[in-house]
Protein chains: 2
Amino acid sequence: MNLQQKKTSAPDTTVLEKLRASGLRPTRQRLALAKLLFGRGHCHVTAEGLFNEAKQTHVNVSLATVYNALHDFTAKGLLREISVDSSSSYFDTNTDDHHHFFFEGTGELQDIPPDSVRIAALPEAPGGSAISRVDVIIRVRD
Amino acid sequence: MNLQQKKTSAPDTTVLEKLRASGLRPTRQRLALAKLLFGRGHCHVTAEGLFNEAKQTHVNVSLATVYNALHDFTAKGLLREISVDSSSSYFDTNTDDHHHFFFEGTGELQDIPPDSVRIAALPEAPGGSAISRVDVIIRVRD
DNA sequence: CAAGTTGATTAGAATTTTTCTAAACTGCGA
DNA sequence: TCGCAGTTTAGAAAAATTCTAATCAACTTG
Ligand SMILES: [Mn+2]
Ligand SMILES: [Mn+2]
Ligand SMILES: [Zn+2]
Ligand SMILES: [Zn+2]
């Protein structure tokens with residue numbers, strides 16, 4: 001149950017290179033998860049959600065490995081983590097600077113077109129600290 | 001260990017009335033927690049943090065009761081819940097419309113003076129949904 | 001190219017955070 | 001005062017996340 005990668009006959013070159021470029025070993029588990037994450041358009045996933053997708057695709061990884069991969073990808077800038085809700089955190093395959101709608105009923109996230117939010121004034125970062133990110137979350141009731 | 005309220009000889013009238021006005025029974029446990037929360041200036045607490053304060057003040061409540069009280073207070077508009085961090089959610093005694101600095105190192109929250117953030121443009125709420133709140137969180141590295 | 005070394009990775013186990021639900025309590029009407 | 005009904009509490013359970021020991025694989029050496 002702990003087989004590691006074997007040379008895939010038709011590797012998804014794009015995803016493979018994405019991992020290599022970031023300095024993460026393209027293991028069988030990471031490749032499979034990266035394919036699920038980056039193989040189609042941008043999406044917002046939870047650990048549990050990605051884990052379930054993996055199961056459906058017969059990709060055998062533990063939930064802990066899903067967390068590890070999500071955190072590793074985030075640390076390398078391939079994903080962005082978003083906290084909107086105490087229930088669980090979301091990971092966003094869109095790492096461009098952008099903001100979100102959060103649908104309180106369904107728990108879903110949706111990107112907001114970058115230009116439709118404009119912040120006119122921002123305060124100074126307090127005492128010797130530096131701004132690392134500004135998150136705008138528009139909560140909507142559906 | 002399950003004694004309920006008994007008439008306190010010198011009740012904190014302000015806190016007592018705050019609970020009565022919101023329609024929550026002013027039980028011994030809620031009064032004690034409300035006193036910790038509202039008895040001083042505005043603050044941002046986690047369930048665990050408030051639970052520890054309670055222990056230090058020899059207020060005997062279970063952690064589950066702290067969660068119940070925080071959620072009840074939030075439902076009645078006495079508190080506001082904030083998600084910034086997957087580790088745990090925060091509850092804010094300041095229910096006015098305002099935004100936050102989040103110190104990534106220490107995990108602390110700090111209010112931003114209301115006028116120093118101005119949002120110039122906001123998008124329409126998508127398809128038949130209505131905006132319930134806009135949260136701006138400025139993450140800073142300390 | 002085999003074996004040994006070392007650092008990276010995986011995933012079961014443990015921990016932390018939050019919620020559920022049965023029991024305890026309280027307010028009210030008889 | 002007593003019993004009933006809705007409310008509240010908190011131990012137990014569940015859900016979310018992290019820890020760590022075992023495993024794996026890249027690299028070095030012979
Ligand atoms: Mn959590
Ligand atoms: Mn949880
Ligand atoms: Zn997004
Ligand atoms: Zn605040």
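In what follows, chains are A, B, ... by sequence order, proteins preceding strands, each numbered from 1.
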Colleague: Thr65(A) near the nucleic acid: base, sugar-phosphate alone, or nothing, with a heavy-atom cut-off under 4.0 Å?
Modeller: base

Colleague: Is it the case that atom CZ in Arg118(A) sees more than 12 heavy atoms from other parts of the structure closer than 6.0 Å?
Modeller: no

Colleague: Mind calculating the distance between NE2 (His71(A)) and P (dA11(C)) to the nearest angstrom?
Modeller: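 So the two atoms are 17 Å apart, to the nearest Å.
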
Colleague: Rounded to whole angstrom units, what separation is found between the CG atom of Asp85(B) and the P atom of dT18(D)?
Modeller: 9 Å

Colleague: Round to the nearest Å and state the distance from Asn68(A) atom CG to dA8(C) atom P.
Modeller: 14 Å

Colleague: Taking atom C1' of dT7(D) as reference, at what distance in whole Å does atom CG of Leu19(B) sit?
Modeller: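 After rounding, the gap between these two atoms is 15 Å.
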
Colleague: Figure out the CG/P separation between Leu63(A) and dA14(D), and round it to whole Å.
Modeller: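 Distance, rounded to whole Å: 17 Å.
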
Colleague: How long is the line joining CD of Gln29(B) and C1' of dG11(D), in whole Å?
Modeller: 14 Å

Colleague: If you check every side-chain atom of Glu48(B), which of dT17(C), dC20(C), dT18(C) has the closest atom?
Modeller: dT17(C)

Colleague: Heavy-atom distance under 4.5 Å between the side chains of Thr74(B) and Arg80(B), does that happen here?
Modeller: no

Colleague: Quick check on DNA chain D: between Arg30(B) and Ala64(B), whose nearest nucleotide comes earlier from the 5' end?
Modeller: Arg30(B)

Colleague: Using the side-chain heavy atoms of Val61(B), tell me which of these nucleotides is nearest: dT18(C), dA10(D), dT18(D).
Modeller: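 Nucleotide nearest to Val61(B)'s side chain: dA10(D).
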
Colleague: Does Asp72(A) reach a base, just sugar-phosphate, or nothing at all? Heavy atoms under 4.0 Å.
Modeller: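 If one applies the 4.0 Å heavy-atom cut-off, Asp72(A) turns out to touch nothing in the nucleic acid.
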
Colleague: Please state how far atom OH in Tyr67(A) lies from atom P in dA16(D), giving the value in whole angstrom units.
Modeller: 7 Å

Colleague: Go through dT17(C), dT10(C), dA10(D) for me and flag the one nearest to the Thr27(A) side chain.
Modeller: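 When the side chain of Thr27(A) is considered, dT10(C) is the closest of dT17(C), dT10(C), dA10(D).
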
Colleague: Could you check, using the six-membered ring where one of them is a Trp, whether His100(A) and His98(A) have ring centers closer than 6.0 angstrom?
Modeller: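 Yes, the ring of His100(A) comes within the 6.0 Å limit of the ring of His98(A), centre to centre.
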
Colleague: Whole-Å distance between dT6(C) P and Arg25(A) CZ?
Modeller: 15 Å

Colleague: Measure from the side chain of Ser62(A), starting at C-beta and using heavy atoms only, and say which of dG11(D), dT8(D), dA11(C) lies closest.
Modeller: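 Nearest listed nucleotide: dA11(C).
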
Colleague: Please pick, from dG12(C), dT17(C), dA16(D), the nucleotide with the shortest atom-to-atom distance to any side-chain atom of Ser88(B).
Modeller: dT17(C)

